[in-house]
**Q** 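Here it is, the structure, as structure tokens.
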Amino acid sequence: RAARDLPWRNTRDPYRVLVSEFMLQQTQVARVAEYYPRFIERFPDLETLARAKPRAVREQWDGLGYYARARNLHALAKDVTRRHDATLPSDPEELIKLPGVGPYTAGAVASFAYEKPVPAVDTNVNRVLRRVFFDRATRNVQRATKVWELARTLVPKNGKRAWRFNQAIMELGALICVARRPKCPECPVRTVCRTGKSRRTDAQGRIG
DNA sequence: GTCCGGAACT
DNA sequence: AGTTCCGGAC
């Protein structure tokens with residue numbers, strides 16, 4: 001509903017989704033918004049990126065940090081161009097085998113590009129789910145796999161709904177259910193959220 | 001000065 | 001389970 005309009009949300013092109021996710025792994029939205037369009041213009045598709053010189057890729061990435069990810073992305077492009085006929089896999093199990101692709105990025109590409117009904121748990125989503133569904137004691141101890149299990153049960157079975165669901169939770173985590181001082185009074189799910197409920201009566205305590 | 005963030009590696 | 005990478009926000 002109150003989602004921000006971001007360039008990589010208006011596409012289902014797997015390559016573009018992949019690039020945005022690689023950038024977002026390490027950097028905040030505002031900064032990615034600055035780099036992403038230039039990168040896409042310079043390397044519009046996987047083949048172009050695969051053919052590019054490491055130097056050129058690095059230059060486009062300069063200032064974003066975590067340069068190993070740029071190398072991974074480049075290696076991935078070469079990999080996929082060679083082995084998968086320049087088409088990114090749609091299955092998270094396959095995606096995760098690619099360099100620089102972990103559980104989150106695999107889920108994100110599968111959902112945001114291919115509209116597969118799979119969860120994508122980044123730290124935002126992780127934080128939101130833990131606050132909403134787990135009590136304070138459990139929250140600190142919950143293993144990541146538990147949150148993924150929960151996310152799997154929550155994601156709509158319909159791919160388009162799953163896409164919106166994943167985007168919505170990430171947006172919630174990024175704008176409202178932020179790490180430091182969550183804005184519970186503005187939160188649309190506060191009435192069903194453990195944390196939101198307990199905080200409604202509090203003046204403004206911190207979240208443990 | 002401290003916290004934040006995915007994946008990879010120890 | 002803890003560390004590293006890198007730059008920005010606070």
Side-chain angles (χ1 to χ4, degrees), chain A residues 4 6 8-9 14-39 49 54-55 57-80 88-89 91-113 116 118-131 137-152 155 166-184 186 195 204-208:
Chain A
R4 293 166 294 180
L6 300 168
W8 49 88
R9 289 202 172 130
Y15 169 71
R16 294 186 177 218
V17 172
L18 182 79
V19 170
S20 71
E21 291 303 336
F22 260 72
M23 289 185 171
L24 287 163
Q25 277 174 11
Q26 60 226 30
T27 310
Q28 292 177 307
V29 165
R31 197 143 188 79
V32 172
E34 191 182 324
Y35 279 77
Y36 170 84
R38 278 193 277 127
F39 193 95
L49 181 59
R55 180 82 173 272
V57 178
R58 159 73 202 226
E59 274 168 18
Q60 287 302 304
W61 206 268
D62 204 22
L64 275 176
Y66 290 92
Y67 302 103
R69 308 230 178 273
R71 291 193 297 274
N72 281 336
L73 183 58
H74 195 195
L76 184 155
K78 292 180 176 175
D79 237 54
V80 172
L88 276 175
D91 182 1
E93 305 259 326
E94 288 300 316
L95 284 163
I96 206 169
K97 293 176 185 167
L98 300 168
V101 177
Y104 165 71
T105 307
V109 172
S111 173
F112 299 149
K116 291 235 172 188
V118 298
V121 181
D122 66 353
T123 47
N124 280 332
V125 176
N126 188 52
R127 182 177 57 249
V128 171
L129 294 183
R130 290 190 340 197
R131 281 185 180 154
T138 343
R139 209 185 304 148
N140 300 323
V141 192
Q142 279 299 334
R143 305 284 270 100
T145 54
K146 284 286 177 193
V147 180
W148 275 90
E149 278 175 36
L150 172 64
R152 215 174 304 282
V155 185
N166 285 327
Q167 293 282 357
I169 299 199
M170 295 209 298
E171 200 74 345
L172 190 62
L175 299 179
I176 310 276
C177 196
V178 293
R180 309 202 189 213
R181 285 167 156 276
K183 301 167 179 166
C184 296
E186 308 171 33
T195 303
Q204 50 158 303
R206 283 207 51 226
I207 299 299

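Proteins come first, then strands; the chains are lettered A, B, ... in the order of their sequence lines, and each starts at number 1.
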**Q** Please state how far atom CE in M23(A) lies from atom P in dC5(C), giving the value in whole angstrom units.
**A**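 Distance check: M23(A) CE to dC5(C) P gives 22 Å.
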**Q** Under a 4.5 Å cut-off applied to non-hydrogen side-chain atoms, are Q60(A) and Y35(A) in contact?
**A**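 Not in contact.
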**Q** Just call it for T27(A): base, sugar-phosphate, or nothing, with non-hydrogen atoms closer than 4.0 Å on any strand.
**A**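 No contact.
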**Q** Hey, is CD on Q167(A) packed in by over 12 heavy atoms from elsewhere, all under 6.0 Å?
**A**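 Buried by this count: over 12 neighbours within 6.0 Å.
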**Q** Surrounding CZ of R38(A) (heavy atoms of other residues, nucleotides or ligands, distance under 6.0 Å), is the total greater than 12?
**A**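 Buried by this count: over 12 neighbours within 6.0 Å.
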**Q** Check the interface with nucleotides 8-10 of chain C: list each N/O to N/O pair with the protein under 3.5 Å, or write none.
**A**
| from | atom 1 | to | atom 2 | distance (Å) |
| --- | --- | --- | --- | --- |
| dG8(C) | OP1 | R31(A) | NH2 | 3.0 |

**Q** Starting at atom CG of L64(A), determine the distance to atom C1' of dG7(C), rounded to an integer number of angstrom.
**A**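 It is 9 Å, rounded to the nearest whole Å.
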**Q** Just jot down the side chain to side chain contact (heavy atoms under 4.5 Å, CB included) partners of A77(A), sequence neighbours excluded, or say none.
**A**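 Result, side chain to side chain contact (heavy atoms under 4.5 Å, CB included) vs A77(A): L46(A), L49(A), A50(A).
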**Q** Would you kindly give the CG-to-P distance between L95(A) and dA7(B), to the nearest whole Å?
**A**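 After rounding, the gap between these two atoms is 11 Å.
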**Q** Rounded to whole angstroms, how far apart are CZ on R127(A) and C1' on dC3(B)?
**A**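 From R127(A) CZ to dC3(B) C1': 12 Å.
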**Q** Ignoring hydrogens and geometry beyond distance, is the side chain of Y66(A) in donor-acceptor contact with the base of dG5(B) at under 3.5 Å?
**A**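 Under the 3.5 Å cut-off, the side chain and the base do form a donor-acceptor pair.
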**Q** Suppose we screen for side chain to side chain contact (heavy atoms under 4.5 Å, CB included). Which residues come up paired with R127(A), at least two apart in sequence or across chains?
**A**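 Checked R127(A) against side chain to side chain contact (heavy atoms under 4.5 Å, CB included); matches are N124(A), R131(A), A179(A).
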**Q** What is the distance, rounded to the nearest whole Å, between atom CG of L24(A) and atom P of dA7(B)?
**A**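 It works out to 12 Å between those atoms.
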**Q** Relative to F112(A), does R9(A) satisfy both conditions: NZ or CZ under 6.0 angstrom from the six-membered ring centre, and within 45 degrees of the ring's axis?
**A**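 Ring-cation test returns no.
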**Q** Quick check on DNA chain B: between N124(A) and P99(A), whose nearest nucleotide comes earlier from the 5' end?
**A**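 Result: N124(A).
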**Q** Measure CG/N72(A) against P/dA8(B) and give the value in whole Å, please.
**A**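 Answer to the nearest Å: 6 Å.
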**Q** Once you round it to whole Å, what is the distance between P of dA8(B) and OH of Y104(A)?
**A**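 It works out to 15 Å between those atoms.
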**Q** Y104(A) and E21(A): side-chain donor and acceptor closer than 3.5 Å?
**A**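 Y104(A) vs E21(A): donor-acceptor pair found between side chains.
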**Q** Remember a base hit wins even if backbone is also touched, and classify Y67(A) as base, sugar-phosphate or nothing at under 4.0 Å, heavy atoms.
**A**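 Since only primed, P, OP1 and OP2 atoms lie under 4.0 Å of Y67(A), the category is sugar-phosphate.
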**Q** Specify the separation, in whole Å, of atom CG of L98(A) and atom P of dA7(B).
**A**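 Going from CG in L98(A) over to P in dA7(B) covers 12 Å.
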